[in-house]
Amino acid sequence: MGQTQSSTEKEVTLQNIQELYRKFASECPSGNLHLHEFKKIFGINSSSTEEEAAYMENLFRSFDTNKDGQIDFMEYVAAVHLVLRGKLEDKLKWSFKVYDRDGNGCLDRQEVRHIVKIIHKIKTQHDPSITGNIEDICDRIFELVDKNNDSQISLEEFIEGAEKDPWVMDQLKLDLGPCEWFIEQQERKP
């Protein structure tokens with residue numbers, strides 16, 4: 001779910017968002033969205049790659065703020081608002097949370113490598129011309145972002161690094177094209 005909005009990206013209206021909320025209520029009458037339903041919404045199924053499934057699991061975990069294994073309506077509302085209408089800094093904070101698998105407030109090389117590997121694999125599936133070695137990408141991210149050289153990236157370093165360097169932003173962004181996906185879903189509704 002991207003941090004920037006391109007000039008070609010369509011605007012999602014309040015009416016569109018209200019329709020999405022109604023869709024949640026009709027598809028999740030229990031008021032809770034489980035991981036398998038979340039994956040289904042984004043088109044992740046048995047034919048999807050392991051990387052795509054892992055990516056969705058990380059996204060799901062980031063939205064499940066009370067860590068009960070399901071996304072309730074309020075968590076869903078907050079997620080939709082962040083993804084579709086949130087500010088860059090809020091989206092970067094959310095991206096950091098997705099990366100920070102152990103929740104300790106810092107990113108180590110293993111956490112960064114895990115997400116970069118997933119994002120790189122998904123990007124190369126959609127555009128085979130994308131190149132780069134995962135270790136080299138991680139090394140460069142740490143070189144550019146880890147200002148105090150403690151082999152960990154703090155939230156502040158993460159935000160500053162992503163905002164200052166377009167390459168870093170491109171490597172770190174969690175981008176699913178949410179506005180395009182949302183509009184496509186609206187056009188397909190029965």
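Basis for what follows: all heavy atoms, side chains included, without hydrogens, waters or symmetry-related copies.
- A parallel orientation is assigned to the rings of Phe63 and Trp94, their planes being inclined by less than 30° (bins at 30° and 60°).
- Taking all atoms of both residues into account, the shortest heavy-atom contact from Phe142 to Leu107 is CZ-O, 3.9 Å.
- Rounding to the nearest 0.5 angstrom, the gap separating the CD1 atom in Ile134 from the CD1 atom in Ile115 is 11.5 Å.
- The two atoms that bring Gln152 and Asp146 nearest to each other are O-OD1, 2.9 Å, heavy atoms only.
- Across Asp100 and Cys106, no two heavy atoms sit closer than the pair OD1-O, 3.3 Å.
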Check the pair Ile153 / Tyr99 against side-chain contact (heavy atoms from CB on, under 4.5 Å), numbers first and verdict last.
CA-CA 11 Å; Ile153 297 173; Tyr99 274 60; over 6 Å; no

Set out, in order, the CA-CA distance, both residues' side-chain angles and the distance that settles side-chain contact (heavy atoms from CB on, under 4.5 Å) for Asn32 and Glu37, then state yes or no.
CA-CA 10 Å; Asn32 296 306; Glu37 296 163 325; over 6 Å; no

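- For Glu163, there are no side chain to side chain donor-acceptor pair (under 3.5 Å) partners two or more places apart in sequence or in a different chain.
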Check step by step if side-chain contact (heavy atoms from CB on, under 4.5 Å) holds for Phe158 and Ile141.
CA-CA 10 Å; Phe158 183 86; Ile141 288 171; over 6 Å; no

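- With sequence neighbours excluded, the residues forming a side chain to side chain donor-acceptor pair (under 3.5 Å) with Ser129 are Asp127, listed by chain and number.
- For the salt bridge (Lys or Arg N to Asp or Glu O under 4.0 Å) condition, no pair includes a residue of residues 59-77, sequence neighbours left out.
- Proximity of a side-chain donor or acceptor of Asn58 to a complementary backbone N or O of Ser62 within less than 3.5 Å is not detected.
- For residues 135-144, the pairs satisfying side chain to side chain donor-acceptor pair (under 3.5 Å) are Arg109-Asp139, Arg113-Glu135, with sequence neighbours left out.
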Can Gln110 and Asp102 be said to form a side-chain contact (heavy atoms from CB on, under 4.5 Å), step by step?
CA-CA 11 Å; Gln110 182 179 354; Asp102 62 10; over 6 Å; no

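- Phe60 meets the ring-ring contact (aromatic ring centres under 6.0 Å, His included) test with Phe38; sequence neighbours excluded.
- Enclosure of atom NZ in Lys97 by more than 12 non-hydrogen atoms of other residues, nucleotides or ligands within 6.0 angstrom is indicated.
- By the side chain to side chain contact (heavy atoms under 4.5 Å, CB included) test, Lys147 is found to be paired with Glu157, Glu160, residues two or more places apart in sequence or in another chain being considered.
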